[in-house]
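Okay, structure first, notes after.
Letters go in sequence order (proteins before strands), and every chain restarts at 1. Side chains are part of it too, since the values below use all heavy atoms of this structure and drop only hydrogens, waters and symmetry mates.
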Amino acid sequence: MDPKTYKFDTLSLHAGYQPSKNAGSRQVPIYQTTSYMFDDVDHAAALFNLERGGHIYSRMSNPTVQVLEERVCALEGGTAALATASGMSAIFLTIMTLCNAGDHMVVSSQLYGGTVNLFRLTLPKFGIKTTFVKPRDTEGFKKAIQPNTKGIFGELVGNPGNELMNMPEVSNIAKEAGIPLIIDSTYQTPYLCRPFEHGADLVVHSLTKWMSGNGSSMAGILVEGGTFDWMQNDKFPTMTEPYEGYHGLSFAEEFGPTAFTMMARAEGMRDMGPCLAPQNAWNILHGLETLSLRMEKHCSNALKMVEYLSNHESVAWVSHASAPGHPDKELAEKILPKGTGSMIAFGIKGGKEAGAAFINNVKLASHLANVGDARTLVIHPASATHSQMDEATLKFAGLSHDMIRLSVGLEDFEDIVNDFEDGFRAAKKPRLVANK
Amino acid sequence: MKFKVRGIDTFASTGGRPFDKNKPLIIFVHGSGLSHMVWVLQTRYFAFRGYSVLAVDLPGHGLSSGESLKTIEEMGDWVGDVIGAVGCKEASLVGHSQGCLVTMECVAQHPEKIKTLTLMGGASAIPMNPELLQLAEESNPKAVDLMMDFAHGPAGHFGGHPVPGLYHLNVGSMIVQNKEIKDTLGVDFRACDNYKNGPEIAKKLDLPTLSILGAQDRMCRLKDGKILADYIKGSEVKIIEDCGHMMLLEEADQTLEILKKFIAEHYPLPN
Ligand SMILES: Cc1ncc(COP(=O)(O)O)c(C=O)c1O
């Protein structure tokens, strides 16, 4: 006897939506509205006081956005989700729900540059301090925990060095300390990894990337695993003690496995307001329908690309968790059995100048500040995404000047190779072509 | 709130209002392996409308201490004791699934204390599939997956939670899985399977009773819910279309509306 609940590909097409409740519309309608009619004053009061479910105002929730939330939640195996205007706002909202002034976070040092800036520069303005730990330094996460530490945050595969954090072990460290583990799973999507199955308690995504794949819309999401017991210690008073904003409601007591998301929406969305536009939610939903198909091809193209680059005379080194000799290969095979994603970093012989010439001479690959588009993307991090960092921070984040970051797309592999050959040819004689 | 029942720490949600023993009391009793959390879309409403509400966690469940009670009879008696433990003399009862058997037993054992009875997704007997029972007693998480599959109708399997952002199947699953499965779900399933007094007790009930049934309930089928209602003298029956066993969440608004009308008529607030 096996449960007949829907599986991954079915959920990516159907979860969160019933046509019969939406005029039979097969595609999810775009509810382009700010607000929702109350039946009467009793209904209005009940909605505002979280006595019943429903929509009040689109800053807090919207029916189209709700479908996206439930769909991602289903794919991740979570209990609840909250979609936001961007990946950054999902991370910010998560930390602001978790922490108060005077609190502390332990954070992996290999992160998207914007996230590094948030933890290093912006959160201290609110009295929230961070200790950074290198992703492979599992013991370091333990040592960095202080009495006021409220969580551990990391990307499973660090950006852009492709170093893996040992999620199962770091999760044990978090459990021992009675704090949640938060994983930014943007690069994996639930197709490659479902962090809740490896001990994560909260997951965040930039949906701007592979989840949508179409490069059309900004979006982010927070997903809750329902695993964390907020009442196990006195570290999380805003979750466990009566909350003045809702007549003394205790979120942990009342909502248990969905308490964090309920709090993030009731307080964070209400007061900070980074809500997702319904049109953008719809665009992301459209992409999610083909998540498995796209991720499969992203990964197979990436594997071919690793092989091509590894054998190329103009390439000094290649970093991808699938590459031979990658120090995290074994861990990757365990927690990312379907593939390690489509982000590749490589060093170009000839250093910074050669890198610039390569970027300036590829035509199919797009030079831009995004990852996870269906199209192949290239960038030189030291001069773009991570350019606000000083030399020491760059080094700590695992960056070098010859590094090119590549987000492998879904084009025919031969076309990508032909394009790269043009880039490499130009890189060999950078001075001749640098100002083309 | 935490209080003692038979000397054991017991938790009940009061629906977000301080408990007041002078207001009319409504007690909500959850189903197998679950906790007070399933009732949040009914309890807060009544708590903010003049009633005192207790959505109890049975012993060993949710935030209550102690060991799970082994029989429906013991659970029914325990619910009767809750009323005195909080300084009240009488209450209305609302049960879901196994909670229907428990609340019927409570009425049978403490008829003088109970004013009205609401049964959601009930049946006069809940025999368990032997394989499911064994999985639960072995703490196999598959038991929870099977339970979530059977318990939910279209809203659960596709989605559309009344509370934006929540996903039915996994919320229910985590409520059960955050305890040791064999100690809660396993014990409860066995208690349901063993319980045979349902029809006899139902025939003797003599108080205002409401049955709320899901047309697509696969846990306690609609026809079994109707048979139970037929045993009960003058029982009101309300059927919710396109709805599974978890009507209190899947169709929380409809469930609340039906319950509101019933309570207003048979258990009104004093003037
Ligand atoms: C891993 C990761 N997390 C978060 C973000 C931020 O997301 P957004 O750009 O949607 O705000 C990005 C963006 O590049 C990212 O790569």
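Other residues, nucleotides and ligands contribute more than 12 heavy atoms inside 6.0 Å of the NZ atom of Lys235(A). Within 6.0 Å of OH in Tyr57(A) there are 12 or fewer heavy atoms belonging to other residues, nucleotides or ligands. Heavy atoms from other residues, nucleotides or ligands lying under 6.0 Å from NE2 of His14(A) number more than 12. The local environment of CG in Asp40(A) is crowded, with over 12 non-hydrogen atoms from other residues, nucleotides or ligands closer than 6.0 Å. The number of heavy-atom neighbours closer than 6.0 Å to CD of Gln27(A), taken from other residues, nucleotides and ligands shown, is above 12.
Of the residues considered (Gly53(A), Ala46(A), Gly248(A)), Gly53(A) shows the highest number of contacts with chain B, using heavy-atom pairs under 4.5 Å. Between chain B and the options Ala45(A), Gly256(A), Gly78(A), the largest number of non-hydrogen pairs under 4.5 Å is found for Gly78(A). Each of Asp42(A), Asp2(A), Leu82(A) has some count of heavy-atom pairs under 4.5 Å with chain B, and the biggest count is that of Asp42(A). Between chain B and the options Val65(A), Leu249(A), Leu68(A), Val67(A), heavy-atom pairs under 4.5 Å are most frequent for Leu249(A). Taking Ala74(A), Ala83(A), Ser250(A) one by one and counting their heavy-atom pairs under 4.5 Å with chain B, the maximum is reached by Ala74(A). Chain B forms more heavy-atom pairs under 4.5 Å with one residue of Gln18(A), Glu224(A), Glu69(A) than with any other, namely Gln18(A).
When heavy atoms are compared at a cutoff of 4.5 Å, Phe46(B) does not approach chain A at all. Both the backbone and the side chain of Ala155(B) come within less than 4.5 Å of a heavy atom in chain A. Within the 4.5 angstrom heavy-atom criterion, atoms from both the backbone and the side chain of His157(B) approach chain A. Contacts between Asp145(B) and chain A at a heavy-atom distance below 4.5 Å involve backbone atoms as well as side-chain atoms. The parts of Leu50(A) that come within reach of chain B are both its backbone and its side chain, each placing non-hydrogen atoms under 4.5 angstrom from that chain. For Asp229(A), no part sits under 4.5 Å from any heavy atom of chain B, backbone or side chain. With a 4.5 angstrom heavy-atom cutoff, Phe255(A) touches chain B via backbone and side-chain atoms both. Neither the backbone nor the side chain of Asp242(B) comes within contact range of chain A; no heavy atom of the residue lies under 4.5 Å from a heavy atom of that chain. Only the side chain of Arg265(A) comes within less than 4.5 Å of a heavy atom of chain B; its backbone N, CA, C and O stay farther away. Interface remark: Asn62(A) contributes no atoms to any contact with chain B (heavy atom separation under 4.5 Å). Met231(A) touches chain B through its side chain: at least one heavy atom from C-beta onward sits under 4.5 Å away, while N, CA, C and O do not. Of the atoms belonging to Leu256(B), it is side-chain heavy atoms, and not backbone ones, that fall under 4.5 Å from chain A. With a 4.5 angstrom heavy-atom cutoff, Thr261(A) does not touch chain B via any of its atoms. Of the two parts of Ala264(A), neither the backbone nor the side chain holds a non-hydrogen atom closer than 4.5 Å to a non-hydrogen atom of chain B. With a threshold of 4.5 angstrom between heavy atoms, Leu146(B) approaches chain A through its backbone and through its side chain. Both the backbone and the side chain of Thr227(A) come within contact range of chain B, with heavy atoms under 4.5 Å apart.
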Report the C-alpha separation of His247(A) and Phe48(B) in whole Å, then their side-chain angles, then the decisive distance to 0.1 Å, and conclude whether the side-chain contact (heavy atoms from CB on, under 4.5 Å) test is met. CA-CA 10 Å; His247(A) 298 287; Phe48(B) 281 86; 3.8 Å; yes
Working for side chain to side chain donor-acceptor pair (under 3.5 Å), residues Asp149(B) and Tyr6(A): CA-CA 9 Å; Asp149(B) 176 9; Tyr6(A) 297 121; over 6 Å; no
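Annotation: the span from Phe196(A) atom CZ to Met174(B) atom CE amounts to 9.5 Å, rounded to 0.5 Å. Residue Cys73(A) holds its SG atom at 10.0 Å from NE2 of His161(B), rounded to the nearest 0.5 Å. Annotation: the span from Asp253(B) atom CG to His43(A) atom NE2 amounts to 6.0 Å, rounded to 0.5 Å. Arg218(B) contributes atom CZ, which lies 8.0 Å from atom NZ of Lys4(A) (distance to the nearest 0.5 angstrom). Once rounded to the nearest 0.5 Å, the distance linking CZ of Arg71(A) with CZ of Phe158(B) reads 10.5 Å. Summarising the geometry, atom CG belonging to Leu169(B) is positioned 8.5 Å from atom CG belonging to Leu11(A); distances are rounded to the nearest 0.5 Å.
Nearest heavy atom pair, residue Val171(B) against residue Thr258(A), reads CG2-CG2, 3.6 Å.
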Contacts under 3.5 angstrom, residues 270-281 of chain A side chains, donor-acceptor by atom type, not counting sequence neighbours:
unit_1    : atom_1 : unit_2    : atom_2 : d
Arg270(A) : NE     : Ala266(A) : O      : 3.4
Arg270(A) : NH2    : Tyr243(A) : OH     : 3.1
Gln279(A) : NE2    : Asn283(A) : OD1    : 3.0

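When the options Arg49(B), Arg44(B), Arg17(B) are evaluated for a salt bridge (Lys or Arg N to Asp or Glu O under 4.0 Å) with Glu51(A), the one that passes is Arg49(B).
Side chains of Thr43(B) and Glu254(A) form a contact here, defined as non-hydrogen atoms less than 4.5 Å apart. Considering only heavy atoms from C-beta on, Arg52(A) stays 4.5 Å or farther from Gln42(B) through its side chain. At a threshold of 4.5 Å between non-hydrogen side-chain atoms, the residues Pro3(A) and Met147(B) do not count as touching. Side-chain atoms of Val163(B) and Met262(A), non-hydrogen and from C-beta on, do get closer than 4.5 Å to each other.
Defined by atom type and a distance below 3.5 Å, a donor-acceptor pair is missing between the side-chain atoms of Ser13(B) and Glu253(A).
A donor-acceptor pair under 3.5 Å is absent between the side-chain atoms of Asn49(A) and the main chain of Tyr45(B), judged by distance alone. A donor-acceptor contact shorter than 3.5 Å links the side chain of Lys142(B) to the backbone of Met1(A).
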